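Let me begin by presenting the structure, written as structure tokens, before commenting on it.
The first residue of the sequence shown is numbered 1, and numbering continues consecutively from there. This one's a predicted model, so the numbers in the text were calculated from it and none came from an experiment.
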Amino acid sequence: MIFSTLEHILTHISFSIVSIVITIHLITLLGNEIIKPYDSSEKGMIATFLCLTGLLITRWIYSGHFPLSDLYESLIFLSWSFSLIHIVPYFKIRKNYLTTITASSTIFTQGFATSGLLNEIKKPTILVPALQSEWLIMHVSMMILSYAALLCGSLLSVALLVITFRNIFYSSKGNNLLKLNESFSFGEIQYKNERNNLLKKTSFFSAKNYYKAQLIQQLDFWSYRVISLGFIFLTIGILSGAVWANEAWGSYWSWDPKETWAFITWIVFAIYLHTRTNKNLQGANSAIVATLGFLIIWICYFGVNLLGIGLHSYGSFT
């Protein structure tokens, strides 16, 4: 009873703190020139990480097994992974481009885990025989950590694509307006005036374009680093899962739906890493592959849970 109450308290405290962190990030974006509450939001994420760590430990003691046996526990661990990815770069570079993405991802997964949709599976249960193995910690933790890292890296690529295509759209729109002005005969004087105004604004637009170019470069850099880390975790998770499957079911690979989609996820991000070796395919081209991978991860993570089929259906909704 005590552990159950403590788990309930820690769950809601972590959700409340990360909600405040998101609010602080919004204030930072809207009023960055007036107030800069960046340090407060980072301390809030550290507090969230500690609460989620305490929640997992409490769940571990309460249930008697590592808390990764069902969908609710995996969502809590996924939230913990997002918060971990958030605070690790903080101690090294203090400010990075992952903050908004990791904080938003934490509140999304934590909110879904604490929602009424998962009330039936929140209570700890005894592990089925196939899950009573030392491989549970190794395999499932590596898979969830890989999901968290790959999702964060993919979202950075999505942001890169949005900024890139937005620049292309406004650039083409500006060129069309300039051609339209040239085609109408408003007189030589008006055309020269517009040209002079354009030249006056050149320095402003050059600085703005330089900032966007730097932002795109940083997003591409961090996306590559985070996805590379997630790919390593995913590879370890698949290999350890194959060994565990051989012990539990007598076969390293059985083309179970979860195994199949995990393999597809691995292939997609292997293609992403391969495109990074070609300078002509870096940037937007590789970001498109990562965006596809973002969708594949959610299919892999929730597909089996929605259908409740296959050997990996332990974490289904029902």
Would you name the heavy atoms of [X] and [Y] that are closest together and state the gap between them?
X	Y	result
S74	L68	CA-CD2, 3.9 Å
I227	A290	CD1-CB, 3.9 Å
S83	T106	N-OG1, 3.7 Å
S240	M138	CB-CG, 3.9 Å
Y272	S286	CD1-O, 3.1 Å
S81	A148	CB-CB, 3.5 Å

Do [X] and [Y] have side chains that get closer than 4.5 Å, going by heavy atoms?
X	Y	value
F269	I296	no
F82	T48	no
L56	W60	no
Y72	R59	yes

Parallel, tilted or perpendicular: ring planes of F77 versus F66, cut at 30 and 60 degrees: perpendicular
Scan residues 213-222 for pairs that pass salt bridge (Lys or Arg N to Asp or Glu O under 4.0 Å), counting only residues two or more places apart or in two chains. D220-R276
Answer yes or no: is there a donor N or O on one side and an acceptor on the other, between the side chain of E259 and the main chain of S254, under 3.5 Å? yes
Output yes when a side-chain donor or acceptor of S146 lies under 3.5 Å from a complementary backbone atom of M143, and no otherwise. yes
Set out, in order, the CA-CA distance, both residues' side-chain angles and the distance that settles side chain to side chain contact (heavy atoms under 4.5 Å, CB included) for I101 and S105, then state yes or no. CA-CA 6 Å; I101 289 175; S105 301; 4.1 Å; yes
Run the side chain to side chain contact (heavy atoms under 4.5 Å, CB included) check on L239 and W244 step by step: do they pass? CA-CA 9 Å; L239 292 176; W244 186 13; over 6 Å; no
Surrounding CZ of F231 (heavy atoms of other residues, nucleotides or ligands, distance under 6.0 Å), is the total greater than 12? yes
Could you tell me the separation between the [atom1] atom of [X] and the [atom2] atom of [Y], rounded to the nearest 0.5 Å?
X	Y	atom1	atom2	answer
Y301	L151	OH	CG	10.0 Å
M142	L145	CE	CG	5.0 Å
I76	I144	CD1	CD1	11.5 Å
L84	L52	CG	CG	10.5 Å
L155	L160	CG	CG	12.5 Å

Between T53 and W80, is any side-chain donor less than 3.5 angstrom from a side-chain acceptor? yes
Let me know which of T265, I297, L229 forms a side chain to side chain contact (heavy atoms under 4.5 Å, CB included) with L234. T265
Are Y252 and I236 in one and the same hydrophobic cluster, where Ile, Leu, Val, Met, Phe, Trp and Tyr link if side-chain heavy atoms are under 4.5 Å apart? no
Can you name the residues that form a side-chain contact (heavy atoms from CB on, under 4.5 Å) with F108, not counting sequence neighbours? W298
My understanding is that only residues two or more places apart in sequence, or in another chain, count here; which of them pass side-chain contact (heavy atoms from CB on, under 4.5 Å) with I271? I267, T275, V289
Run the side-chain hydrogen bond (donor to acceptor under 3.5 Å, both in side chains) test against Q217 and tell me which residues pass, sequence neighbours left out. none
What residues form a side-chain hydrogen bond (donor to acceptor under 3.5 Å, both in side chains) with T235, not counting sequence neighbours? W266
Listed once per pair and sorted, the side chain to side chain donor-acceptor pair (under 3.5 Å) pairs that draw on residues 147-159, sequence neighbours left out: S157-S223
Dump the intermediate steps for side chain to side chain contact (heavy atoms under 4.5 Å, CB included) on I61 and I57, then the final yes or no. CA-CA 6 Å; I61 298 173; I57 295 174; 4.0 Å; yes
Under the side chain to side chain contact (heavy atoms under 4.5 Å, CB included) rule, what do W253 and N246 come out as? Steps first, then yes or no, please. CA-CA 8 Å; W253 196 268; N246 185 58; over 6 Å; no
